[in-house]
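Here's the structure, in structure tokens; my notes come after.
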Amino acid sequence: MALFSGLLLLILFLLSVESSTRANQFGDVHLGSQLSPISSLHSWLSPSGQFAFGFYPQENGFAVGIWLAGQPKNTVVWTANRDEAPVSSNATIHLSEEGRLLLRTEQDYENLIANVSEVADSASMLDSGNFVLYSGSQVIWKSFDFPTDTILVGQNLSYSDELISSVSSSNHSSGRFLLRMQADGNLVAYPVNSAALVDDAYWASNTNKYMGLNLYLNHRGFLFMDMNGSKPLLLARSAYPCENKTAIFRATLDADGVFRLYSHCLKNKTTWSVHIEWSAKNNLCDVRGFCDFNSYCSGIGTDAGCSCYPGFAFNDPNKRFSGCYKNVSESFCTGSEEGQMYDVISIENILFERYPYSVQEGKKENCGLFCLEDCLCDVAMFINEKCEKYTAPIRYGIKDRNISSTAFFKVKANPSPSPAAPPMSPTIIIESKKSLIVFLAIIFGSIAFLCFIIAISTFFVYRDRAYLYEKLSGVISLAGEFTLQSFSYTELEKATDSFREELGRGSIGAVYKGKIPGGEKTVAVKRLEKVVDEEEKKFRAEIIVIGQTYHRNLVRLHGFCIEGSRRLLVYEYLKNGTLADHLFTAERRPTWKERVRIALDIARGILSSIKADVSTADDQMVLSSWAYQCFVAGQLDELVKDEHIEYESLERMVMVGLWCVQHDPALRPSIKNVIFMLEGSKDIPAPPS
Ligand SMILES: *[C@@H]1O[C@H](CO)[C@@H](O)[C@H](O)[C@H]1NC(C)=O
Ligand SMILES: *[C@@H]1O[C@H](CO)[C@@H](O)[C@H](O)[C@H]1NC(C)=O
Ligand SMILES: *[C@@H]1O[C@H](CO)[C@@H](O)[C@H](O)[C@H]1NC(C)=O
Ligand SMILES: *[C@@H]1O[C@H](CO)[C@@H](O)[C@H](O)[C@H]1NC(C)=O
Ligand SMILES: *[C@@H]1O[C@H](CO)[C@@H](O)[C@H](O)[C@H]1NC(C)=O
Ligand SMILES: *[C@@H]1O[C@H](CO)[C@@H](O)[C@H](O)[C@H]1NC(C)=O
Ligand SMILES: *[C@@H]1O[C@H](CO)[C@@H](O)[C@H](O)[C@H]1NC(C)=O
Ligand SMILES: *[C@@H]1O[C@H](CO)[C@@H](O)[C@H](O)[C@H]1NC(C)=O
Ligand SMILES: *[C@@H]1O[C@H](CO)[C@@H](O)[C@H](O)[C@H]1NC(C)=O
């Protein structure tokens, strides 16, 4: 008896832990077999009858996958080609005579289910839930190697594998969240449409590569991370409530973004009872991106909902998690009495991702007013005794009584009808404000430089031109919020000790260290050499835009000097040197992740100017055509040899960079779209040559 049960345990063990050779002859599928969704043979069962491979109903058609046979019906654990449209009832699955596993649709269109070069001679649905193809006694393909949103007992999620949630329990296409086993050994959950940076993560195992690079479920329903050389780390355990009856465990990244451990107990021959054994998150509002852009999450536990901020409307009222668009026309920036036309609505206890373009000291009562006075501002948040201003889109919003903040949203003051703004679809906004471009170029080296930091992060491109105007004088002041000081040439000559200490030199002039009187503030003075004239009014407007640009990672403009043909710009002095120093000095060079962060921060800083566009200059073309050639040849690693870089994010950066340096300004994306593309929340079309 003991021998018998020992034998049984051994068999069970062999079935549940995947072995690479054929362990059983049951459930075998022979060449020439086929399935059809409407025949009685719509699936191949495992020997126990607990798992099935074949057609399952999805939406108005059928999908190919693996599920738990019996009741309830919706426990799908794997789907083939999940992002393809459901097929009709005329479709068939074949294990063809040629040894291929195919899906054939009515137009005789064939789709490989198992993409493998070897030829199979049989297949098997195993009791573990793994569907495998054999060549002789060798397993040549297994569904366990291609997890969708679920892992089963015996299945591993190892280095660079990821689970992607389903759209919903009835649509198993790729959804909104992912759980990735990172190269650093940390298992981390992110929204799919994010850049997968630290701020985007909402759950992590907090393991490192010396601990684990492998997540698996054991036969008792314990979720482990493999430890390098020592005991595995227990992440979650099942209470095993099945009263000695058959139990099946699975760990699924659910459609709501929560990673959960489930047990299924076999009640009788056909009915399973389902239990949640563990959840990575208890509050849905803690799942970043649960409510998409411009909306916020409120509620506790799984009772959570999404609401639009004031002035915003749902992208899709039937899918309230899918975010909101700004339902206020942006034309108010052109008006002079915008203060009368707009009002603010405040909401307490709101928090969202915080990258303000401006931070001001002030009283809470004035925070809404600051936003009203600033045509760039969509929302101001009073938090930690400071007023922060933001431009939409804003994301990761939550409302929680424990957060002490007040957010002020700009809305139309009177309900008189105005044309509704189109949904914030990710169309590329094209701007061609040439003179602005040139001025931004002065300030930031050039925006193309930004794009190249963004794109390649190792290139330094420095080229710009200046369009300056006569007659500009006096102090430009904007809503008392900041001032740009006008200096005389003599003042700056004195301040820099006759331009003694040169900090650096670009193509349009040199930068000198100086001290301006009053506060003895250290500044960097840039003396421009090439100058082209245009109207004064435009120049004034551009200087204001530049002066308004405020971001912790961007150099701030303090003032300027125009005297005859002499033009100088006065910047804050960065004692740590320029970004270029950092990027191109080997010892100080930041890691790839840090560089990605810098690029995004710069892009976000430039977004404080809604008119931001990207520009190009001739001597970058050699560099960009090389980058383009590497991109086309699929050899981006040529660009950044000797570095540890995530290929995917490099590719994204290079593609954005190539779009940014297009000769035709109409082709260049807006800076807002640059951010979306960098973050991965917008697909990047292949850039033209
Ligand atoms: C399933 O979800 C995908 C992704 O959101 C969507 O494209 C598809 O239309 C959905 N299927 C149906 C039948 O609604
Ligand atoms: C299935 O094929 C038959 C015959 O070709 C056709 O009449 C029928 O419309 C098809 N059904 C579907 C759902 O496509
Ligand atoms: C099959 O895999 C190969 C190599 O991984 C890939 O190049 C090819 O596009 C795949 N084919 C299909 C139909 O997915
Ligand atoms: C899965 O991980 C376990 C534990 O590390 C290991 O023993 C097993 O060989 C792995 N299985 C596969 C199929 O890789
Ligand atoms: C295991 O740890 C050792 C040293 O602690 C390290 O050299 C080795 O690379 C690690 N293995 C993995 C797979 O991380
Ligand atoms: C489960 O099995 C164990 C030992 O085989 C036994 O002691 C226990 O009473 C059983 N539990 C139930 C609920 O049947
Ligand atoms: C199995 O149990 C369910 C409810 O627990 C019941 O509805 C069903 O009829 C049972 N089936 C069999 C075959 O006993
Ligand atoms: C959007 O704005 C228009 C005009 O201001 C208004 O009529 C409409 O009701 C708004 N839509 C929503 C969903 O708030
Ligand atoms: C607020 O904090 C308290 C104590 O820290 C906690 O018990 C409560 O659940 C929190 N409320 C919300 C809505 O998160």
Side-chain angles (χ1 to χ4, degrees), residues 37 55-65 67 73-74 76-96 98-105 107-120 123 131-133 135 139-150 159-178 190-194 252-257 287 289-293 295 306 314-323 423-426 632-635 647-648 651 680-683 686:
F55 288 106
Y56 70 83
Q58 158 131 322
E59 311 284 350
N60 297 320
F62 298 88
V64 177
W67 64 95
K73 278 214 173 297
N74 58 4
V76 172
V77 297
W78 183 77
T79 301
N81 302 320
R82 66 195 300 207
D83 290 320
E84 295 194 356
V87 294
S88 81
S89 55
N90 281 352
T92 47
I93 295 172
H94 296 259
L95 183 60
S96 72
E98 296 78 38
R100 304 241 167 257
L101 186 63
L102 306 164
L103 172 68
R104 206 168 275 163
T105 57
Q107 294 89 25
D108 276 340
Y109 173 77
E110 281 181 356
N111 205 350
L112 280 176
I113 295 171
N115 182 6
V116 60
S117 52
E118 292 102 322
V119 170
F131 188 80
V132 297
L133 297 185
S135 170
V139 172
I140 55 169
W141 183 90
K142 48 184 194 280
S143 61
F144 270 16
D145 285 346
F146 306 92
T148 52
D149 62 353
T150 297
Y159 167 49
S160 86
D161 286 345
E162 58 188 26
L163 300 182
I164 295 182
S165 64
S166 293
V167 168
S168 67
S169 58
S170 59
N171 182 346
H172 291 88
S173 298
S174 300
R176 303 192 294 135
F177 305 96
L178 68 85
Y190 301 101
V192 161
N193 69 357
S194 74
T252 301
L253 183 65
D254 281 324
D256 58 15
V287 172
F290 180 74
C291 298
D292 221 319
F293 287 98
S295 61
C306 302
F314 284 113
N315 286 327
D316 181 349
N318 297 319
K319 290 185 193 154
R320 294 166 73 100
F321 58 77
S322 67
M424 287 240 297
S425 60
V632 170
Q635 292 168 340
Y647 189 84
E648 241 178 76
E651 187 181 32
S681 48
K682 181 177 182 343
D683 287 339

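Remember, it's 1-based here, ligands and their atoms both numbered in the order they're listed.
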Any idea which protein heavy atom is nearest [atom], and the distance to it?
{"atom": "atom 5 (O) of ligand 1", "answer": "V167 CG2, 3.7 Å"}
{"atom": "atom 3 (C) of ligand 3", "answer": "N115 ND2, 3.6 Å"}
{"atom": "atom 13 (C) of ligand 1", "answer": "E59 CG, 3.0 Å"}

Rounded to the nearest 0.5 Å, how far apart are [atom1] of [X] and [atom2] of [Y]?
{"X": "I113", "Y": "L102", "atom1": "CD1", "atom2": "CG", "answer": "7.0 Å"}
{"X": "S143", "Y": "L133", "atom1": "OG", "atom2": "CG", "answer": "9.5 Å"}
{"X": "N81", "Y": "N111", "atom1": "CG", "atom2": "CG", "answer": "5.0 Å"}

Counting only heavy atoms on the protein side, is anything nearer than 4.0 Å to [atom]?
{"atom": "atom 7 (O) of ligand 3", "result": "no"}
{"atom": "atom 1 (C) of ligand 3", "result": "yes"}
{"atom": "atom 11 (N) of ligand 1", "result": "yes"}

Original post:
N/O of N171 under 3.5 Å from N/O of ligand 1, yes or no?
Top reply: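 Yes - when backbone and side-chain N and O of N171 are compared with those of ligand 1, one distance drops under 3.5 Å.
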Original post:
Excluding sequence neighbours, so at least two apart, what forms side-chain hydrogen bond (donor to acceptor under 3.5 Å, both in side chains) with T105?
Top reply: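 Listed in chain order: nothing, the list is empty.
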Original post:
Judged by modelled atom types alone, do S88 and N90 share a side-chain donor-acceptor pair under 3.5 Å?
Top reply: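 No, N90 and S88 have no side-chain donor paired with an acceptor closer than 3.5 Å.
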Subject >> Donor on one side chain, acceptor on other, N315 and S322, under 3.5 Å >> reply: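 There is no such pair between these side chains.
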